[in-house]
A.B. asks: 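Take this structure first; my questions come after.
Numbering starts at 1 and runs along the sequence shown. Just so we're clear, the structure is a prediction, and the values are computed from it rather than from any experiment.
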Amino acid sequence: MKGLIISSGTITDYSILELVVKESDFIICADGGMNHLAKINKKPNLVMGDLDSISESALNYIKDNNITVEKYSSIKDATDTALAMEYLIDKEYKEIILMGVTGTRQDHTMANIFLLNTLHDKGIKGKIIDDNNIIYLIDNYMELQYLEDKYISIVPIVEEGIIISLKGFFYNLDREFIKFGSTHGISNKIIDDIGIIEIHRGKALVFISKD
């Protein structure tokens with residue numbers, strides 16, 4: 001089962017959102033994420049949050065379509081996105097996609113990216129999708145198909161860094177050490193049909209990006 005969380009960050013390419021919505025089994029709008037979904041005339045299964053970021057038109061859309069809302073106080077210890085994620089975790093979803101979780105608020109963007117670590121530690125497949133990036137968190141093995149005009153960047157997220165091997169890339173690596181805070185893993189490209197990433201030690205974020 002695949003869950004989708006839509007938050008109030010930046011989404012401009014609604015064709016991507018429509019595609020992901022079609023492939024999702026359960027959709028939660030975290031507060032202002034409802035603004036995005038209403039623009040493509042789609043209904044979520046649930047809206048969660050303090051409702052402080054939802055436009056008047058989106059509120060009317062909720063009312064007109066009898067959409068279920070779980071309202072929270074604005075004084076709370078977790079963001080609306082994190083609360084939505086905990087809801088799907090409790091429902092035992094095995095894959096969770098996050099959209100609208102990146103944008104101009106860099107504090108929210110960074111916190112949301114690190115929510116992938118929470119999913120990873122619970123054995124749940126997670127990824128973030130925005131107009132220009134797909135973001136994963138891995139600690140073992142990943143295969144990526146050749147993607148024209150896409151950059152692959154690998155960023156260690158643990159203090160001890162990572163030991164990594166890459167095959168099928170422009171810059172291949174053989175059990176290379178990349179320290180935390182290094183840019184050594186930025187802007188690589190897949191040149192074979194398949195790019196193989198193997199993390200021998202540590203954890204890293206994998207970014208598939210376009211300019």
A.B. asks: For the NZ atom on Lys167, are there more than 12 heavy atoms of other groups (residues, nucleotides or ligands in this structure) within a distance under 6.0 Å?
C.D. replies: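 12 or below, so no.
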A.B. asks: Kindly say whether Glu160 contributes a backbone atom to a donor-acceptor pair with the side chain of Arg201 at under 3.5 angstrom?
C.D. replies: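 Here the side-chain-to-backbone pair exists.
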A.B. asks: Rounded to the nearest 0.5 Å, how far does CD1 of Ile197 lie from OH of Tyr136?
C.D. replies: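 With rounding to 0.5 Å, OH (Tyr136) is 10.0 Å from CD1 (Ile197).
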A.B. asks: Apply salt bridge (charged side-chain N to carboxylate O under 4.0 Å, His left out) to Lys43 and list each qualifying residue two or more places apart in sequence or on a separate chain.
C.D. replies: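 Checked Lys43 against salt bridge (charged side-chain N to carboxylate O under 4.0 Å, His left out); zero matches.
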A.B. asks: Are Ile89 and Leu4 grouped together when hydrophobic residues (ILVMFWY) are joined by side-chain heavy atoms under 4.5 angstrom apart?
C.D. replies: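 Result: no, two separate clusters.
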A.B. asks: What side-chain hydrogen bond (donor to acceptor under 3.5 Å, both in side chains) pairs are there with at least one residue in residues 171-193, not counting sequence neighbours?
C.D. replies: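 Pairs touching residues 171-193 that pass the test: Arg175-His200.
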A.B. asks: First locate atom CD1 of Ile96, then atom CD1 of Ile128, and finally report the distance between them rounded to the nearest 0.5 Å.
C.D. replies: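 Those atoms lie 12.0 Å apart.
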A.B. asks: Please evaluate residues Ser8 and Asp31 with respect to the criterion side chain to side chain donor-acceptor pair (under 3.5 Å), reporting the C-alpha separation (whole Å), side-chain torsions for both, the decisive distance (0.1 Å), and the verdict.
C.D. replies: CA-CA 7 Å; Ser8 59; Asp31 207 272; 5.9 Å; no
A.B. asks: Assigning hydrophobic clusters by single linkage (Ile, Leu, Val, Met, Phe, Trp, Tyr; side-chain heavy-atom cutoff under 4.5 Å), is Ile199 placed with Ile163?
C.D. replies: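 No, Ile199 does not connect to Ile163 through the hydrophobic network.
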A.B. asks: Distance-only, no hydrogens or angles: does the Asp25 side chain make a donor-acceptor pair with backbone N or O of Lys2 under 3.5 Å?
C.D. replies: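 Yes; judged by distance alone, with no hydrogens or angles, the pair exists.
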A.B. asks: Working note: Lys150 + Asp211, criterion salt bridge (charged side-chain N to carboxylate O under 4.0 Å, His left out); need CA distance, chi angles, decisive distance, verdict.
C.D. replies: CA-CA 8 Å; Lys150 297 291 194 301; Asp211 282 334; over 6 Å; no
A.B. asks: Distance alone, cut at 3.5 Å: any donor-acceptor contact between the side chains of Tyr61 and Asn41?
C.D. replies: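 Side-chain D/A pair, Tyr61 to Asn41: present.
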A.B. asks: Could you tell me whether the side chains of Glu70 and Tyr72 share a donor-acceptor contact shorter than 3.5 Å?
C.D. replies: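 The answer is yes; a qualifying pair exists.
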A.B. asks: Could you give me the CA-CA distance, side-chain angles and deciding distance for Lys94 and Ile124, then say whether side-chain contact (heavy atoms from CB on, under 4.5 Å) is met?
C.D. replies: CA-CA 5 Å; Lys94 301 303 181 185; Ile124 299 169; 5.7 Å; no
A.B. asks: May I ask you to decide whether Lys71 forms a salt bridge with Asp52, counting only side-chain N to carboxylate O separations under 4.0 Å?
C.D. replies: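 A salt bridge is absent here (no side-chain N lies under 4.0 Å from a carboxylate O).
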A.B. asks: Main chain of Ile67, side chain of Asn65: is a donor-acceptor contact present, judged purely on distance under 3.5 Å?
C.D. replies: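 No; zero donor-acceptor contacts below 3.5 Å.
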A.B. asks: Would a distance-only check, ignoring hydrogens and angles, find a side-chain to backbone donor-acceptor pair under 3.5 Å from Thr109 to Gly103?
C.D. replies: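 Yes: the side chain of Thr109 pairs with the backbone of Gly103.
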A.B. asks: Do the side chain of Ser24 and the main chain of Ile27 share a donor and acceptor less than 3.5 angstrom apart?
C.D. replies: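 Checking the backbone N and O of Ile27 against the side chain of Ser24, no donor-acceptor pair under 3.5 Å is found.
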A.B. asks: Does a sphere of radius 6.0 Å around OH in Tyr151 hold more than 12 heavy atoms from other residues, nucleotides or ligands, not counting ones at 6.0 Å or beyond?
C.D. replies: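 No - once you tally the heavy atoms of other residues, nucleotides and ligands closer than 6.0 Å, there are 12 at most.
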A.B. asks: Once you round to the nearest 0.5 Å, how far does CD1 of Ile113 lie from CG of Leu137?
C.D. replies: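 Going from CD1 on Ile113 over to CG on Leu137, the span is 10.5 Å.
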A.B. asks: Start with the C-alpha distance between Asn112 and Leu115, add both sets of side-chain angles, then the distance that settles side-chain contact (heavy atoms from CB on, under 4.5 Å), and finish with yes or no.
C.D. replies: CA-CA 5 Å; Asn112 289 333; Leu115 287 177; 3.7 Å; yes
A.B. asks: As a quick check of understanding, evaluate side chain to side chain donor-acceptor pair (under 3.5 Å) for Asn133 and Ser209, giving each step before the final call.
C.D. replies: CA-CA 4 Å; Asn133 306 277; Ser209 305; 2.7 Å; yes
